[in-house]
Amino acid sequence: MKTFLSTALALMVAAAVNGQTFSDVLRYSYFSPQGSARFAATGGALTPMGVDATTLHTNPAGIGWNRYNMAQITPGFSLTNTRADLANSTEAATVSDAAATFTLPSVGLIFAGPTRSVNWSTLNFGVSVTRLADLNQQLAFAGRTPGSIIEGFAEVIDIGDSDPYGADLALPFLIEDPATNRVYSDFYDFDNQTTRDEPIRRSGLYDRRGSINEAAVGLGGNYRDKVLWGFSLGIPFFSFDEVYTYEEVDDQDVIPAFENAEFDQNLNNSGTGFNLKFGLTALPTEKLRISAAVHTPTYWTIDEQFSTTFGYFYTDNGSAEGGRELSPLLSQAYNLRTPWRFMAGVGALVGERGFVSVDADYTDYTSNEISFDDFATANTVSDAVNADVDAILGSSIGLRAGGELNLDPILVRAGVGYRQVPYAEYLNNEDEAIMTYSAGAGYSLGKFFVDLAAQYESYASFQSPYQTLVVPGQTILTDRSRVSVLLTVGFRGFGTGF
């Protein structure tokens, strides 16, 4: 049994030593464009409908329908609320926190180029920058439960492994039994040969800041009003910072010698990548549109800096002991290849009054792969992370439905989105999908138009501040909700006779 635990924990440590985990891989591959207010208000279901620069990030054939030049900019505001409950706490342990962010979800420009060809009526060029993911969140937790982070560190040392960003920092504060060469912490009851289960006070805060955005340039055209085509080059980029602070306090003196412990973690990531997108939209009738698109993997290059601090304080024969240990600063670059993505949609015009649209996408997240050199070269750390990706992640289906109604001069819109969370197994009653509800309105006056949208998104999940194998770890049950408001201001027909 100890051999099995040792092997499993060694894989966990191999990934932790270099900072990457399956959650990092998922963070930089699981997202969808927020886009313009019109795109957001219809739930993102514009894959078959087009006439919006945001479709360069979904189905670039959408810009093939534009007859006039168009420029638009979309500032926005988001408020993220998070509620956290420390599971099995012996006291009320719900903590709520919020993070507000002003954003620029979308900027787009389309140049509509009529051609002299009878069959190929347009050749349009578009450029767009849109937000793919908002990574801003503050997650605080507190409560009183048994166990300690130092127990997990003692397990790593006990199996003879090393982790300079975790377990190695606890070495000065661990207890070695010379008779067995086993390693223990103050949370081990030597008299009863068991781990102590008296609850202590603990609290923590995850402060996350950042976003993922993508710049896209593309071409789109129209063949006899029967087929729209398009392709785009995507250049995604991101910046993400996470500061994690954690503290344990024996304020009721239930653990002999132990007073308090602290663990701080700082992660700074930034990256750039590239991908290609291809799309077609068929118009079998004047009112019906059927679309399909494929996105190649994104090839990311990610720069990472990572460091930790561990503090441990105890009393020995009436004397205050302990101190803080600092990890080395990890500074490195690695590559990430994300999965292929496939999209399809159907839309229909409703008389002269608007449209309804439904689209879907499919992605297999087990295809994610990281590498420190090239993807054909083996590496212990990347192999451990990629094995976790294969075991923990799965495929995901996204569904979106929306529509627009023209109540001249006002247009009203609504939409709903479903995005499956790509885990192979679900634990602790977390949501299996993220739901998004959208609504909005637009107004047009000649060449000028303005659109307003509001989105609501909610998701229940869980977080583990630290992991152990022999003793129970901590589980934080979380409920996150996000409200986003977007305002698009645009002009169309400039440089033409429109």
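From a predicted model like this one, the values you see are computed outputs, not experimental measurements.
Judged by distance alone, the side chain of Ser232 and the main-chain N or O of Leu56 form a donor-acceptor pair under 3.5 Å. The closest donor-acceptor contact from the side chain of Ser367 to the backbone of Pro339 lies at 3.5 Å or more, if one exists at all. Formation of a donor-acceptor pair under 3.5 Å by the Asp207 side chain with backbone atoms of Val243 is not found in this model. At distances below 3.5 Å, not a single donor-acceptor pair connects side-chain atoms of Thr122 with backbone N or O atoms of Asn124. Side-chain atoms of Thr281 never come within 3.5 Å of backbone atoms of Ser291 as a donor-acceptor pair (strictly under, hydrogens ignored). A donor-acceptor distance shorter than 3.5 angstrom exists from the side chain of Asn69 to the backbone of Ala112, with no hydrogens or angles considered. Between the side chain of Ser211 and the backbone N or O of Leu135, no donor-acceptor pair lies under 3.5 Å. With Asn59 contributing its side chain and Thr55 its backbone, the two residues share no donor-acceptor pair below 3.5 Å.
No hydrogens or angles considered: nothing links the side chains of Asn269 and Ser239 as a donor-acceptor pair under 3.5 Å. Arg208 and Gln137 share a side-chain donor-acceptor pair at under 3.5 Å. Residues Asn335 and Ser371 have side chains that never bring a donor and an acceptor to within less than 3.5 angstrom of each other. Counted by atom type alone, Asp359 and Thr47 present one or more donor-acceptor pairs between their side chains at under 3.5 Å. In summary, the side chains of Arg482 and Thr80 do present a donor paired with an acceptor at a separation below 3.5 Å, with no hydrogens or angles considered. For the residue pair Thr103/Thr101, the side-chain donor-acceptor check at 3.5 Å is not satisfied. Side chain to side chain, Tyr206 and Gln138 fail the donor-acceptor criterion of an N or O pair below 3.5 Å. There is a side-chain donor-acceptor pair under 3.5 Å between Thr145 and Arg202. Between the side chains of Ser78 and Asp134, at least one donor N or O sits under 3.5 Å from an acceptor N or O. A donor-acceptor contact closer than 3.5 angstrom is absent between the side chains of Ser32 and Arg400. Side-chain polar atoms of Thr42 and Arg413 form no donor-acceptor pair below 3.5 angstrom. Side-chain contact, Asp85 with Thr94: a donor N or O sits under 3.5 Å from an acceptor N or O. Side-chain N/O atoms of Thr74 and Thr488 include a donor and acceptor closer than 3.5 Å. Asn88 and Gln474 share no side-chain donor-acceptor pair at under 3.5 Å. For the residue pair Asp383 and Thr380, no side-chain donor N or O sits within less than 3.5 Å of a side-chain acceptor on the partner.
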(message) Quick one, Ile302 with Leu336, criterion side-chain contact (heavy atoms from CB on, under 4.5 Å). Give me CA distance, side-chain angles, the key distance, then yes/no.
(response) CA-CA 8 Å; Ile302 299 174; Leu336 170 64; 4.1 Å; yes
(message) Go through it in stages, so that I can follow the logic: the residues are Arg419 and Glu432, the test is salt bridge (charged side-chain N to carboxylate O under 4.0 Å, His left out), and I'd like the CA-CA distance, side-chain angles, deciding distance and then a yes or no.
(response) CA-CA 9 Å; Arg419 203 152 45 105; Glu432 298 184 11; over 6 Å; no
(request) Assess whether salt bridge (charged side-chain N to carboxylate O under 4.0 Å, His left out) is satisfied between Asp241 and Arg209, documenting all intermediate values. (result) CA-CA 5 Å; Asp241 298 328; Arg209 306 287 177 179; over 6 Å; no
(request) Let me see the working for Arg38 and Glu404 under salt bridge (charged side-chain N to carboxylate O under 4.0 Å, His left out), right down to the final yes or no. (result) CA-CA 9 Å; Arg38 178 173 180 259; Glu404 178 181 270; 3.3 Å; yes
(request) Start with the C-alpha gap between Thr478 and Phe462, add the side-chain angles, then the distance that decides, and say whether side-chain contact (heavy atoms from CB on, under 4.5 Å) holds. (result) CA-CA 5 Å; Thr478 66; Phe462 70 94; 5.6 Å; no
(request) Under the side-chain contact (heavy atoms from CB on, under 4.5 Å) rule, what do Tyr299 and Asn275 come out as? Steps first, then yes or no, please. (result) CA-CA 7 Å; Tyr299 291 86; Asn275 58 61; over 6 Å; no
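Taking the six-membered ring where the residue is Trp, the centroids of Phe263 and Tyr246 are separated by 6.0 Å or more. Aromatic rings from Phe306 and Tyr165 are positioned such that their centres are separated by under 6.0 Å. For an aromatic pair to be called close, the ring centres must be under 6.0 Å apart, and Phe274 with Trp300 fails this. Taking the six-membered ring where the residue is Trp, the centroids of Phe342 and Tyr362 are separated by 6.0 Å or more.
In this structure, the separation between OG1 on Thr285 and CG on Leu288 is 4.5 Å, given to the nearest 0.5 Å. We find the CD1-CZ distance between Ile212 and Arg27 to be 8.5 Å, quoted to the nearest 0.5 Å. Expressed to the nearest 0.5 Å, how far OG1 of Thr298 lies from CG of Leu132 amounts to 8.5 Å. A distance of 10.5 Å separates CG in Asn213 from CZ in Phe31, rounded to the nearest 0.5 Å. Note that CE of Met70 and CZ of Arg492 are 8.0 Å apart. Values are rounded to the nearest 0.5 Å.
When each of Leu228, Ile290, Val227 is tested with Leu283 by the rule side-chain contact (heavy atoms from CB on, under 4.5 Å), just one qualifies, namely Leu228. Results of the side-chain contact (heavy atoms from CB on, under 4.5 Å) test with Tyr459 over Asp431, Asp479, Thr436 single out Asp431 as the only residue that passes.
Here the closest heavy-atom approach between residue Thr58 and residue Pro33 is recorded as CG2-CG, 3.7 Å. Shown here for Ala84 and Ile476, the closest heavy-atom pair between the two residues is CB-CG2, 3.7 Å. Between Pro48 and Val358, the shortest heavy-atom contact is CG-O, 4.4 Å. Nearest heavy-atom pair, Ser481 versus Tyr456, reported as atom, atom and distance to 0.1 Å: CB-OH, 3.7 Å. A pairwise comparison of heavy atoms in Gln420 and Ser396 identifies O-OG, 2.6 Å as the closest pair. Considering all non-hydrogen atoms of both residues, Tyr426 and Val421 come closest at OH-O, 2.7 Å.
Taking 4.0 Å as the cut-off between side-chain N and carboxylate O, Asp97 and Arg83 do not count as a salt-bridged pair.
For Asn268, the CG atom counts as densely surrounded, since its 6.0 Å shell holds more than 12 non-hydrogen atoms of other residues, nucleotides or ligands.
Remark: Arg289 is positioned above the aromatic ring of Trp65, its terminal NZ or CZ atom under 6.0 angstrom from the ring centre and at most 45 degrees off the axis.
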